Every structure is written in C-alpha cells, then in structure tokens.
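Only this structure's heavy atoms are used, side chains among them; waters, hydrogens and symmetry mates stay out. All figures in this text were calculated on a predicted structure; none of them were measured in a lab.
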Amino acid sequence: MAPTASGSLLALSVIVLVTIASTLLLAPVAANDIDALTALRSGLKDPNGALKTWDPQLVDPCTWFHITCNDHKRVTRIDLGRQNLSGPLAPELGQLDRLEYLEIYGNQLTGPIPKELVGLSNLKNADFSNNNFFGPIPTSGPFRHIPRSSFANNPRLGRKC
C-alpha cells in the first residue's frame with residue numbers, strides 16, 4: 001500500500017512536534033549547567049588557559065575540556081585538578097544537580113566552600129585538597145561521605161576567618 005500525502009504529512013508533523021517538545025524540555029536543564037560553569041569560569045584566574053574551551057555560546061558544555069556529561073548531556077564530572085587556577089568557587093555550582101565528581105585539588109582556589117554544594121545529592125566524590133580554602137568544612141548532604149583527606153592542605157579550612 002503506497003503512503004498517502006496526508007499520512008506522510010501527519011508523520012512529518014509528529015516528528016516536528018516531538019523534536020520541538022524535546023528541545024524545549026532539555027534546553028532549561030542544559031542552560032542551568034552552562035550558567036553554573038560560566039559563573040565558575042568568570043570568577044577564576046586561568047593563566048594556563050585550562051578553561052579556554054568553556055564558551056557559553058556553545059550550547060553543549062559536554063564538548064568543553066575538563067567536563068564529563070551523562071547520556072542526557074548533563075554535567076556529571078568536573079576535573080580541574082592541578083590547572084593553576086585561582087579565585088573562589090561559584091555558588092552556582094550548586095545548580096549542577098547531576099554532578100557526581102568535583103576534582104579541583106592542587107590549585108590556588110580561595111574563599112569558603114559554597115554552602116550551595118551541600119544540595120548536590122548526586123555528588124559521590126570531591127577533592128578540595130591543596131588549595132587555600134577557608135571557613136567551615138560542610139558536613140551535611142553528600143559531604144557526610146566525603147573523606148576528610150579531600151580537604152587536606154587548606155591551612156585555614158575548618159576555622160572561622
């Protein structure tokens with residue numbers, strides 16, 4: 001049986017509607033990830049260009065260096081260990097609700113660990129060691145399971161400043 005023009009048009013319409021709907025549903029999620037990573041980048045000094053591919057005009061942060069995503073193009077890992085970065089962590093990192101690994105050891109990062117990170121329910125491991133963080137070490141949320149060694153060599157961390 002040969003396809004009719006109206007049948008082909010209906011099939012094409014369904015494909016177009018599904019494509020538009022899935023794009024609209026996924027866009028805000030990716031935008032949150034991009035916003036969070038852009039906020040992080042804007043607050044950091046990056047003399048070696050580790051973040052040079054972090055272009056907010058690119059709608060897919062999964063193509064950026066030091067970022068890993070899941071099959072749904074959500075950020076699950078940030079690997080910025082030993083990149084000679086300095087500056088504070090952005091509180092917007094708390095928007096990365098699929099983040100599982102945060103590796104930022106061996107930089108010159110400063111300031112407190114943002115309290116917004118305690119809401120990252122998928123965070124399995126983080127390494128804040130060998131930086132210049134100060135203030136309290138979070139102990140709630142996913143931080144209950146992160147070993148104390150992940151905060152080592154931050155001379156002012158764990159103290160009130």
Side-chain angles (χ1 to χ4, degrees), residues 22-161:
S22 64
T23 301
L24 291 174
L25 289 173
L26 292 176
V29 173
N32 284 343
D33 287 3
I34 290 171
D35 290 346
L37 294 172
T38 300
L40 175 63
R41 180 181 186 212
S42 68
L44 296 178
K45 290 185 179 129
D46 178 22
N48 297 343
L51 308 177
K52 66 184 172 197
T53 64
W54 290 29
D55 182 354
Q57 300 304 313
L58 300 175
V59 293
D60 186 359
C62 305
T63 63
W64 300 356
F65 291 163
H66 312 289
I67 299 296
T68 303
C69 296
N70 63 16
D71 292 339
H72 302 288
K73 297 195 178 267
R74 297 297 310 280
V75 174
T76 58
R77 186 178 193 112
I78 299 174
D79 284 306
L80 290 172
R82 295 188 185 118
Q83 295 300 317
N84 199 28
L85 301 171
S86 61
L89 289 181
E92 289 85 354
L93 287 176
Q95 296 173 12
L96 297 172
D97 59 352
R98 297 291 182 252
L99 189 66
E100 297 176 13
Y101 301 94
L102 178 60
E103 305 295 330
I104 54 175
Y105 59 88
N107 288 290
Q108 292 94 43
L109 300 175
T110 60
I113 296 172
K115 65 181 188 272
E116 290 80 1
L117 298 184
V118 300
L120 295 175
S121 60
N122 290 304
L123 191 64
K124 296 176 184 174
N125 194 23
D127 192 342
F128 298 89
S129 65
N130 299 295
N131 280 288
N132 295 309
F133 290 114
F134 61 80
I137 296 173
T139 56
S140 61
F143 288 89
R144 289 187 307 254
H145 307 290
I146 294 174
R148 295 296 268 182
S149 60
S150 293
F151 303 98
N153 298 317
N154 285 281
R156 300 184 305 153
L157 191 60
R159 300 183 200 152
K160 295 190 180 207
C161 296

Side-chain touch Ile113/Leu157, heavy atoms, less than 4.5 angstrom: yes
Full working for side chain to side chain contact (heavy atoms under 4.5 Å, CB included) between Thr63 and Thr53: CA-CA 8 Å; Thr63 63; Thr53 64; over 6 Å; no
Assess the residue pair Lys124 and Tyr101 against the criterion (side chain to side chain contact (heavy atoms under 4.5 Å, CB included)); give the C-alpha distance rounded to whole Å, side-chain angles, the decisive distance to 0.1 Å, and a yes or no. CA-CA 6 Å; Lys124 296 176 184 174; Tyr101 301 94; 3.7 Å; yes
Can you name the nearest heavy-atom pair linking Pro56 to Thr38, along with the distance? CB-OG1, 3.6 Å
dist Asp55:CG -> Ile34:CD1 (nearest 0.5 Å) comes out at 9.5 Å
Parallel, tilted or perpendicular for Phe151 and Phe128, by the 30°/60° rule? parallel
Residue pair Trp64 / Leu37, side-chain heavy-atom distance below 4.5 Å: yes
Is there a side-chain contact between Leu44 and Ser86 (heavy atoms, below 4.5 Å)? no
May I ask you to decide if Ala126's main-chain N or O and Ser150's side chain share a donor-acceptor pair within less than 3.5 Å? yes
Asp46 and Lys52: which non-hydrogen atoms are nearest, and at how many Å? OD2-N, 4.1 Å
If only atom types and distance count, is the side chain of Trp54 paired as donor or acceptor with the main-chain N or O of Phe65 below 3.5 Å? yes
Apply side chain to side chain contact (heavy atoms under 4.5 Å, CB included) to residues Gln83 and His66 and explain how you reach the verdict. CA-CA 10 Å; Gln83 295 300 317; His66 312 289; 3.8 Å; yes
Measure the NZ-OG distance between Lys115 and Ser140 for me, rounded to the nearest 0.5 Å. 12.0 Å
Arg74 and Asp97 ion-paired at < 4.0 Å: yes
Check whether any side-chain heavy atom of Leu96 sits under 4.5 Å from a side-chain heavy atom of Asp33, and report yes or no. yes
With the side chain counted from C-beta on, respond yes when Asp60 and Lys73 share a heavy-atom pair under 4.5 Å apart, and no when they do not. yes
Any donor-acceptor pair under 3.5 Å linking the side chain of Asn130 with the backbone of Gly106? no
Do Ile104 and Leu89 touch side chain to side chain, with heavy atoms closer than 4.5 Å? yes
What pair of heavy atoms forms the shortest contact from Gly94 to Leu120, and how long is it? O-CD2, 3.5 Å
Is there a donor-acceptor contact under 3.5 Å from the side chain of Asn107 to the main chain of Asn84? yes
Shortest non-hydrogen separation from Ser129 to Ser149 and the atoms involved: CB-O, 3.9 Å
So which heavy atom on Ala36 is nearest to which on Glu92, and how close? CB-O, 3.2 Å
Donor-acceptor under 3.5 Å (Asn70 side chain, His72 main chain): yes
Inter-residue atom distance Asp79.CG - Glu103.CD, 0.5 Å rounding: 6.0 Å
Flag the pair Asn122 / Leu99 as yes when at least one side-chain heavy-atom distance between them is below 4.5 Å, and no otherwise. no
At their closest point, which heavy atom of Asn132 faces which heavy atom of Asn154, and how far apart are they? N-OD1, 3.3 Å
Are any non-hydrogen side-chain atoms of Leu85 and Leu51 less than 4.5 angstrom apart? yes
Ile67/Cys62 under side chain to side chain contact (heavy atoms under 4.5 Å, CB included): CA gap, chis, key distance, verdict: CA-CA 6 Å; Ile67 299 296; Cys62 305; 5.6 Å; no
